[in-house]
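Both counts, for ligands and for their atoms, begin at 1 and track the order of listing. What you see is a predicted model, and the numbers here were worked out from it, not measured in a lab.
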Amino acid sequence: MNYYDDNTILYLDGRFVKAREAKVDLYTQSLHYGYSVFEGIRSYKTENGETKIFKATEHYQRLRISAEALNIPFDYTVEQLIDATYEVLKQNNLQDAYIRPLVYSPANMSFNKNAESHLVIAVWEMPLFFGDKLLKVMTSSFERPNPKAFKIHAKATGHYVNSILASQEAKANGFDEALLLDLNGYVAEGTGANVFFEKNKVLYTPAKGNILPGITRATVIELCNELNISVEESFFRPGKMKGADSCFYCGTAAEIVGLESLDNVPFKLKWEDSLGYVLQQAYKDLIREKNDADTNFIGQSSSVELLEAAVSDTTRAE
Ligand code: PMP
């Protein structure tokens, strides 16, 4: 995958610079210890042709919350970052894009706090993900990080070593992706996505505490409320999910993607007959701001509050 070429522009510490000319200090504490925070955001070309960053405020608030959780200086306002991102998209002539802001540390081989940080915002083309392909998922032998060992509500780069190990293990075993359990053996999430499953017309998703409570997860719950779909947040073991009616992963990059099977046990319903499919269509309309979507209001609704509630709830599941 080519993330950039000779013409690609980055936002780096307040300036717009060519990606090929941008430099990073090899002595940065971030590279050596996985000590930085980031976001994964998407922008879409809406029905009326405009470029819209989906849930921009929520993502940049989470970036600030992540930086604060890790004691990384963060001197930007959400508005500044949103403006800078629209400008980077414009300078790269992109609409359906993936946006990757990263806050990283200066040269520092100690574990001490830094007085400053760096911020880069990179963008690259990412077509819509929704496809027919359903995922074959295995229960990982890796657990999600223990909330008493990491600030797991923060999107910190170091946490993703866990995701890389789990994803590579799944692929080496012939699966598409992994499902990770929490420290208590309850279902937690995918390597970069939250999970929902359907049984008897009710959706279930792991409760907050041992997961990254995603912005897409919050959007799905809002859509469920709007569409009168019952959704329960609880702690459950993988046995409850296996052979259920249907199941899906959701996240900014993955959007909403159905699962074919868990540990080779298929989900019962055809994807097109599942609640996940209904939500996938509603989500598609929402991101594209389709006018006839009766869920358009959700884009301006209370998901900031939902997010803040999510990140402040770090209660452990017992
Ligand atoms: N869990 C993990 C571990 C993730 O990396 C992501 C992607 N950020 C998610 C869940 C989904 O989060 P969001 O919907 O905010 O992208």
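- Judged by distance alone, with hydrogens and angles left aside, the side-chain atoms of Asn162 form no donor-acceptor pair with the main-chain N or O of Leu165 at under 3.5 Å.
- Using cut-offs of 30° and 60° on the angle between ring planes, the pair Tyr204 and Phe197 is parallel.
- Taking the six-membered ring where the residue is Trp, the centroids of Phe54 and Tyr283 are separated by under 6.0 Å.
- Inter-residue side-chain proximity for Phe111 and Tyr33 is flagged as met; some heavy-atom pair is nearer than 4.5 Å.
- Atom CD1 of Ile287 and atom OG1 of Thr216 lie 10.0 Å apart (nearest 0.5 Å).
- For a heavy-atom separation below 4.0 Å, the residues in contact with ligand 1 are Arg62, Arg144, Lys155, Tyr160, Glu189, Thr191, Gly192, Ala193, Asn194, Leu212, Gly214, Ile215, Thr216, Gly251, Thr252.
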Check residues 230-240 and write down every donor-acceptor pair under 3.5 Å in which the side-chain atom is one partner and the other belongs to a residue at least two apart or another chain.
residue, atom, partner, partner atom, Å
Glu233, OE1, Arg217, NH2, 2.7
Arg237, NH1, Asn184, O, 2.9
Arg237, NH1, Gly185, O, 3.4

